[in-house]
Amino acid sequence: MAKLDRAFYNRDTVTVARDLLGKCLVHVVQGNRRVGRIVEVEAYVGVHDKASHSAKGLTTRNAPMFGPPGIAYVYLIYGMYYCMNVVTEAEGHASAVLLRAVEPLQGITERTQGPGLLCRAMGIDKRLNRHDFLSDDFYLTDDAPADFKIVKRPRIGVDYAGAWAKRHLRFYIASNPFVSRK
DNA sequence: CTCGGGATGCGT
DNA sequence: CGCATCCCGAGG
């Protein structure tokens with residue numbers, strides 16, 4: 001139940017991505033807790049990663065990726081959905097983990113099987129951009145199942161990234177029904 | 001300023 | 001496969 005600390009996020013991005021599986025995301029909305037267990041993530045490993053928003057260098061949109069570990073990077077996609085990342089590694093590394101799906105545990109009434117649906121169901125929007133995961137209304141806890149199998153696959157929707165599109169940087173909990181694109 | 005595409009999701 | 005819908009980055 002303990003909140004993940006700064007050191008957790010300040011590590012190699014693939015390691016953080018895998019370790020985030022099974023952990024719980026908590027967002028307190030108008031006094032009510034919305035809790036989901038992370039079951040699917042993708043790692044975006046820095047400015048050399050052609051699939052990463054940070055590959056084009058620092059811009060207004062991706063600036064949070066260049067910030068300190070343990071803050072959120074939230075952006076609008078296709079004019080209608082938000083996607084939420086957890087910024088990793090030391091400030092300036094411009095790496096992050098995209099949360100793609102959670103298993104509803106508490107206070108969630110909408111589907112969560114995909115990055116856009118996840119944000120909508122958990123009440124995550126641009127207001128949480130740059131938000132610190134060590135805050136009291138939006139954070140991650142270490143509460144996770146004892147053991148589970150992790151599947152590695154190429155990331156979704158990054159065909160433009162050449163060789164980087166083939167890298168197995170998407171991770172999800174095997175046979176979990178809340179993983180997207182089954 | 002215009003212009004085009006996007007780490008999506010849903011319906012056909 | 002088409003499309004909704006809009007922010008933002010590139011270019012003139």
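To find a chain, count down the sequence lines: A is the first, B the second, and so on, and within it residues start at 1.
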[N] [atom2] sits how many Å from [X] [atom1], rounded?
X	N	atom1	atom2	value
A:Tyr73	C:dC8	OH	C1'	10 Å
A:Asn129	C:dC7	CG	P	14 Å
A:Ile77	C:dG9	CD1	P	12 Å
A:Tyr75	C:dG9	OH	C1'	15 Å
A:Arg61	B:dA7	CZ	P	6 Å
A:Met80	B:dG9	CE	P	11 Å
A:Ile124	B:dT8	CD1	C1'	15 Å
A:Tyr160	B:dG6	OH	C1'	8 Å

What's the spacing between A:Arg37 CZ and A:Leu20 CG if we round to 0.5 Å? 13.0 Å
Sugar-phosphate only, base, or nothing, as touched by [X] at under 4.0 Å among non-hydrogen atoms:
X	answer
A:Met65	base
A:Gly79	base
A:Leu76	sugar-phosphate

Sidechain N-carboxylate O distance under 4.0 Å for A:Arg6, A:Asp132: yes
Taking the basic N atoms (NZ, or NE/NH1/NH2) and the acidic carboxylate oxygens, is any pair closer than 4.0 Å for A:Arg120 and A:Glu110? yes
So, is [X] close to the [N] phosphate, meaning a side-chain N or O under 4.0 Å from OP1 or OP2?
X	N	value
A:Lys56	B:dA7	no
A:Ser180	B:dG9	no
A:Arg100	B:dT8	yes
A:Thr59	C:dG9	yes
A:Arg111	B:dG9	no

What is the minimum heavy-atom distance between A:Phe138 and A:Ala72, and which atoms define it? CE2-CB, 4.0 Å
Closest of B:dG9, B:dG6, C:dG9 to the A:Tyr78 side chain is B:dG6
Which nucleotide in the set B:dC10, C:dC7, B:dA7 lies at the smallest distance from any side-chain heavy atom of A:Lys126? C:dC7
In Watson-Crick or G-U wobble terms, with both distances under 3.5 Å, the base opposite C:dG11 is B:dC1
Base-pairing assignment for C:dT5 (Watson-Crick or G-U wobble, both under 3.5 Å): none
Does the pair A:Asp49 and A:Arg167 meet the rule for a salt bridge (charged side-chain N to carboxylate O under 4.0 Å, His left out), with working shown? CA-CA 10 Å; A:Asp49 178 355; A:Arg167 296 275 299 272; over 6 Å; no
Using the rule for Phe, Tyr, His and the six-membered ring of Trp, do A:Tyr81 and B:dT8 stack at under 5.5 Å and under 30°? no
Would you call the rings of A:Tyr9 and A:Phe133 parallel, tilted or perpendicular, taking 30° and 60° as the class edges? parallel
